[in-house]
Amino acid sequence: MDKIVVTGNGPLQGQIPIAGAKNACLTLMPATLLSDEPLTLTNAPRLSDIRTMSTLLQSLGAEVSSLNEGRVLALSSHGLDNHTADYDIVRKMRASILVLGPMLAREGRAIVSLPGGCAIGARPVDLHLKALEAMGAELELRDGYVHAEARGGLKGAVVEFPIVSVGATENALMAATLAKGTTVLKNPAREPEIVDLARCLQAMGAQIEGAGTDQITVEGVDRLHGATHPVVIDRIELGTYMLAPAIAGGSVELPGGRIDLVGAFVEKLRATGVTVTETPDGLKVARDGDGIRAVDVVTEPFPGFPTDLQAQMMALLCTAGGVSVLEERIFENRFMHAPELIRMGARIDVHGGTATVTGVDRLKGAPVMATDLRASVSLILAGLAAEGDTVVSRVYHLDRGYERVEDKLSAVGAKIERVPDDD
Ligand code: UD1
């Protein structure tokens, strides 16, 4: 497995293009299961999670071709010949559960292994299952698999989510497009990836209103047709690379960046003293020689501050002037980057879901290891301004969600390379 070596070497300058959103693409791909006509996704990111979803869909009998060097995915589910999403694939990626709703809606049955994914808390799937049950699915948990059946098809229902869940909203939304009658999703997730999924489903002929608001109404249709859909840009990749010049200094342009996708994050970034401006084709982030001010951060569902940027924001706050308090409200156990940042000289106290970060002048490079995707990249960001070498191992987490991070960062002047790990 490879390692990434980052050596702090001063301000960054240039452009970092932003890819299509991993989390949008991972829910758009299973939407192919809803139709026997082709679905084409453009602006797809080239990531190992996308390859895992392709393998999963292929195992169900769908055809997936990767065109234009992986930027375009051509999917077709005209002949599904298997209804079981096997543990061997599902355990690699939690988003695999997203095949459940569409497969059940179109085929009337599905067997899906309970998922694995990043080790950030218990992460159950009860809300996904309750929503599908409300639509008339009969579910049974056996041997680590969800066995789902909807003889005669799913039926429209009112589903009220007790807490906001992105994945459960996506599963329910996809399932509802082919259910008989009207489905009302109350307290759904409002993330941009939900809006993107709704747009794609609408292009396939689905009747959906209210995506991006606190209530989504879906009028079921008999069948969906083919469509071509561009994947929305990755707001988490965007926020991550906005933090690079914030941490290392300099000025970086992010073509394709949109402030409406990262509003709460930009507000906090500006509060630290970093300049964020809109340009004709994206965003520009600059930090002059001044120090970073401490800020408090609370993670919340969209439009709040995203949990997926909490680790990266912490990397910035490690060298802020003063004390910052970060409260993680979405996932328990999502501070696994804190002990690693401490190895680099950061002062962080974690108590339950709260991390208190006392800024230090400068971090020092160290060998570090990351146990989830966003934690990995936070260590790389921290390394950009640390003294000496930061060696991040276990980078397979990183490759799940960031396209060649070392190429994008070295293009703006960072000293970063990928080396084979001999351990
Ligand atoms: C998605 C994102 C992930 C992001 C998260 C929150 C994808 C592929 N992943 O994950 O990057 O961090 O949204 O923005 O899009 N919960 C339950 N029962 C359920 C489902 C969720 O209790 O059935 C809880 C979770 O444990 C968590 C909270 O709800 O505490 C939110 O999770 P959810 O929004 O479902 O996250 P994911 O869809 O898994």
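In listed order, ligands and their atoms are each counted from 1. Bear in mind that the values here come from a model prediction, so they are computed numbers and not experimental data.
Between Arg106 and Asp36, no side-chain nitrogen of the basic residue sits less than 4.0 Å from a carboxylate oxygen of the acidic one, so the salt-bridge criterion is not met. Salt-bridge check for Arg142 with Glu140: passed, with a basic side-chain N closer than 4.0 Å to an acidic carboxylate O. The pair Asp399-Arg418 meets the salt-bridge criterion, since a charged nitrogen lies less than 4.0 angstrom from a carboxylate oxygen. Taking a cutoff of 4.0 Å between a charged side-chain nitrogen and a carboxylate oxygen, Glu237 and Lys408 qualify as a salt bridge. Between Arg151 and Glu107 there is no salt bridge, since no side-chain N of the basic residue sits under 4.0 Å from a carboxylate O of the acidic one. Look at Arg404 and Glu406 and you find a salt bridge, because one of the NZ, NE, NH1 or NH2 atoms lies within 4.0 Å of a carboxylate O, short of that distance.
Between Asn23 and ligand 1, a contact under 3.5 Å exists for at least one N or O pair. Looking at Arg374 next to ligand 1, no N or O pair under 3.5 Å apart turns up. For ligand 1, one of its N or O atoms has an N or O atom of Gly167 under 3.5 Å away. Residue Asp126 places at least one N or O, backbone or side chain, under 3.5 Å from an N or O of ligand 1. For ligand 1, the polar-atom distance check finds no N/O of Ile163 at less than 3.5 Å from any of the ligand's N/O atoms. Considering backbone and side-chain atoms alike, Ala95 places every N or O at 3.5 Å or more from each N or O of ligand 1. For Glu170, no nitrogen or oxygen atom sits less than 3.5 Å from a nitrogen or oxygen atom of ligand 1, counting backbone and side chain alike.
Shown in contact with Arg94 at under 4.0 Å from a heavy atom are these atoms of ligand 1, numbered in order with element: 39 (O). Distances below 4.0 Å separate heavy atoms of Arg334 from the following atoms of ligand 1: 12 (O). Listed by number with element, the atoms of ligand 1 under 4.0 Å from a non-hydrogen atom of Phe331 are 5 (C), 6 (C), 12 (O), 25 (C), 27 (C), 30 (O), 32 (O), 36 (O).
Looking at Thr240 and Tyr402, their side chains do bring a donor and an acceptor atom within 3.5 Å of each other. Using modelled atom types and a 3.5 Å distance limit, the side chains of Gln312 and Ser378 yield no donor-acceptor pair.
Heavy-atom distances between Leu129 and ligand 1 stay at or above 4.0 Å for every pair. Every heavy atom of Met93 sits 4.0 Å or more from the atoms of ligand 1. For Ala168, the closest heavy-atom approach to ligand 1 does not fall below 4.0 Å.
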Applying side chain to side chain donor-acceptor pair (under 3.5 Å), run through Glu328 and Thr307 and close with a yes or a no. CA-CA 7 Å; Glu328 173 56 58; Thr307 174; 3.0 Å; yes
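Looking at Val164, Ile194, Thr169, Leu127 and measuring to atom 16 (N) of ligand 1, the nearest heavy atom belongs to Leu127. Of the listed residues (Leu26, Asp49, Ile330), the one carrying the non-hydrogen atom nearest atom 30 (O) of ligand 1 is Ile330.
Around CZ of Arg109, the count of heavy atoms belonging to other residues, nucleotides or ligands within 6.0 Å does not exceed 12.
Proximity of Arg329 to ligand 1, defined as any heavy-atom pair under 4.0 Å, is not found for any part of the residue. Using a 4.0 Å cut-off between heavy atoms, Val166 contacts ligand 1 through both its backbone and its side chain. Of the heavy atoms in Thr307, only side-chain atoms (C-beta onward) come closer than 4.0 Å to ligand 1.
Looking at every heavy atom in both residues, Ile18 comes nearest to Leu238 through CD1-CA, 3.8 Å.
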